[in-house]
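Below is one structure; the comments refer to it alone.
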Amino acid sequence: MAAAAAWPELEAAARERRRELALAGAAVAERVAAGGGRLPGALLALPLLQSLELSGCAALRELGPGLAAALPALHTLVLRGNALGPAGLGAGLGGPLPALRLLDLSGNGLEALPAALGGAAGAEPAAAPAAAPAFPQLRSLNLSGNRLRELGPGLARAAPQLQALLLSGNRLRALPGGLLPPAGAVPGGPFPLLSRLEAADNEVAELGADIAALPALKSLDVANNQLRELPAALADCPRLKEANFRGNQLKDKRLEKMVNGCQTKAILEYLRAGGRGKGKAESTREEARKKKREKQQKKDGGDGEQDELEEASKLLVKVLHISENPVPLVVKASAGVRDVRPFIVCCVLKGVNLKPGNALKRFLSMQTKLHEDMCEKRTAATIATHDLQLIKGPLIYDVQPPDELKIMPLGRKEIKAKDLLRQLQLEAEEQRKQKKRQNVSGLHKYLQLLDGKDNYPCLVDAEGTVISFPPITNSEKTKIRKDTRDLFLEVTSNTSLQICKDVMDTLILKIAELNRFTLENKEDSGSDNESDALCGPVNLNPSQNVQPMNFPLLVEQVRVVDTDGNLKVLYPSKTDLTTVSSLLTVVR
């Protein structure tokens, strides 16, 4: 009982059957240190937990035994900026986590992967590769800011569905290096879904030709390494769209200039042509690679003509850079949001038409579906959309006490945040009783994210008006209507920055699809009164005579800066929107 009394957050989580838990602050660090540098044993009594974060705790050196077995429903585990090493992770991650989708171990002391992630310490008998993977649903693995020197092939077996692997700021000397197991060792091939690979700021001196064995790779970042050459095999990566090779001292000076100023497509064409001064042998190898690419394209389900048709049917998005925008919108994030809801991504979108027919209704339905699915009922991330013309910038992403924060929620009168939350909790409880459920309904489970918070997050305009209270609601003042022409989009999360970007990428894609549908079907302007965009749509005004395929949406970059003006995040950056690049053509 004494240990439980020392952790009131865990008592509350057990009592209220919470699905999400974030531990932070000096008091937490003191308790972890007093407990020998490991997570409290009381965590093992929270089997319903789906999201766990404990970050920025220099005292945390080990997870303690049995964590994986005790938390089988865990889908998000964020352990960023602690002092964890392979041994400290080994006991806690010693068993499978079948539901885990995001694992963030950035900024720790890892010199090698733990056994659970296929590290050398986890070498197993020959029969082990045939065993069930430890992380069958893992999509995102962040290992940035550690001291890793190499990666073993066991990761491909442990996390076969990995889509994003972040390795920047380590000490890797080769890529992929030992990451790819021998041919045939992994059924279906290693990392069939890996689309994003980041390894900037390492010591990579060799980029191997086997990088082309990653069939889904779309984004590659190996900036600021020790590369002297780029392999021609990069041109064989069938889906590579974005690559960053800056900060490497390449021997081919023409190529070095290209990587500092050209688009990825031009670089790959240069590599495909063999660079300058290549002889007949290189031409022969290029011809062989060309045949291999054509064979792969046919295998993927289309000949050259089909590929051209698919390319022509892509949706268009034009990015307006900060430097090209005379009045760019800026969001200033206060220091207080770090402990409440730290991640936010914003942009401006122009070019959508919500006026005809049921366009607005479809827009709202699309946003609801995104909240249900990709945002995991707003627990992973929350979307909010605003009429840009009703916003006075600059904006401040801030925190306020629950009894001081006031907002006019969509469809309601102005109310204090604590009173609004109480109302929604009562509504959720009533809904639970009516449906005779044991737990709070999925529709309202995101309300629990603010439990125990001394301050609530909010987005405030230049007039001091709260226009957004994530993850709860945005304001009646800036709601989307049928005649809205320009949109301000925001995505926030208490889980990770990457989920914000992924959701924003998908939101823009979905809006582009809706916009094209509206233009192609030439609906009459409707008189329906769809009123509110509860957490986000988008909307713009194309000319009446413009052809759908040739009219791009315009996305304006928005910076999020800290109180000193230092850049925290810029969206969309050159590596954003790559997750939807197979369906969206981005003009930068």
Side-chain angles (χ1 to χ4, degrees), residues 1-105 108-110 113-117 119 121-122 132-138 141 158-159 376 379-380 438-440 445 448-449 451-452 494-496:
M1 291 299 293
W7 289 91
E9 302 94 337
L10 303 186
E11 285 186 338
R15 184 174 60 252
E16 298 167 12
R17 301 171 64 83
R18 292 188 192 171
R19 268 61 170 179
E20 298 85 20
L21 180 63
L23 301 172
V28 168
E30 290 175 5
R31 280 178 265 161
V32 169
R38 63 170 57 180
L39 291 176
L43 266 175
L44 306 184
L46 300 174
L48 299 179
L49 210 58
Q50 297 178 354
S51 176
L52 172 63
E53 177 176 359
L54 199 161
S55 298
C57 180
L60 183 62
R61 299 184 178 279
E62 57 179 299
L63 298 185
L67 187 74
L71 305 179
L74 208 60
H75 63 62
T76 298
L77 179 59
V78 179
L79 298 167
R80 180 179 55 250
N82 300 304
L84 295 166
L89 284 169
L93 298 181
L97 279 167
L100 196 68
R101 296 175 64 87
L102 183 150
L103 177 58
D104 186 346
L105 298 172
N108 280 281
L110 295 174
L113 288 183
L117 287 169
F135 304 97
Q137 298 298 322
L138 191 64
L141 176 60
E376 298 178 20
T379 58
Q438 261 191 324
N439 303 321
V440 174
K445 62 189 293 187
Q448 300 170 350
L449 297 180
D451 287 354
N494 67 343
T495 302
S496 76

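Nothing here was measured: the structure is a model prediction, and the numbers come from that model. Numbers here are sequence positions counted from 1.
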Pairwise distance CG(L100) to CG(L93) - rounded to 0.5 angstrom: 8.5 Å
Show the nearest heavy-atom pair for residues A116 and A134, with the distance to one decimal. O-CB, 4.0 Å
Interatomic distance, R17 atom CZ to L48 atom CG [nearest 0.5 angstrom]: 5.0 Å
Intermediate values then yes/no, side-chain contact (heavy atoms from CB on, under 4.5 Å), L21 and L10: CA-CA 8 Å; L21 180 63; L10 303 186; 3.4 Å; yes
Between R101 (side chain) and A99 (backbone), is there a donor-acceptor pair under 3.5 Å? no
Would a 4.5 Å heavy-atom cut-off, applied to side chains only, mark E20 and E53 as touching? no
If every non-hydrogen atom of L79 is compared with every non-hydrogen atom of N108, which pair is closest and at what distance? O-ND2, 2.8 Å
Passes side-chain contact (heavy atoms from CB on, under 4.5 Å), L102 versus S496? Steps please. CA-CA 9 Å; L102 183 150; S496 76; 3.5 Å; yes
Within-4.5 Å side-chain heavy-atom neighbours: E376 and H75: yes
Above 12 or not: heavy atoms from other molecules or residues under 6.0 Å from CZ of R61? no
Take L117 and F135, measure what side-chain contact (heavy atoms from CB on, under 4.5 Å) needs, and give me the verdict at the end. CA-CA 8 Å; L117 287 169; F135 304 97; 3.7 Å; yes
State the CD-CG distance between Q50 and L77, to the nearest 0.5 angstrom. 13.5 Å
How close do R38 and P65 get, counting heavy atoms only, and between which atoms? NH1-CD, 3.5 Å
Minimal heavy-atom distance between A158 and P133, with the atoms involved, is O-CB, 3.6 Å
P86 versus L113: any side-chain heavy-atom pair under 4.5 Å? no
Gap separating the CG atom of L84 from the CG atom of L39, nearest 0.5 angstrom: 8.0 Å
Please give me the minimum heavy-atom distance between N494 and T379, naming the atom from each residue. OD1-O, 3.9 Å
Tell me whether E9 is salt-bridged to R31, with the criterion being a basic N under 4.0 Å from an acidic carboxylate O. yes
Looking only at atom types and distance, does a side-chain atom of T76 sit under 3.5 Å from a main-chain N or O of S51, one as donor and one as acceptor? no
Quick test of your reading: applying side chain to side chain donor-acceptor pair (under 3.5 Å), list the pairs with at least one residue in residues 82-98, sequence neighbours left out, ordered by first then second residue. none
Smallest heavy-atom separation, Q448 atom then R18 atom, equals OE1-CA, 4.2 Å
What's the verdict on side-chain contact (heavy atoms from CB on, under 4.5 Å) for L67 and L97, showing C-alpha distance, side-chain angles and the deciding distance? CA-CA 9 Å; L67 187 74; L97 279 167; over 6 Å; no
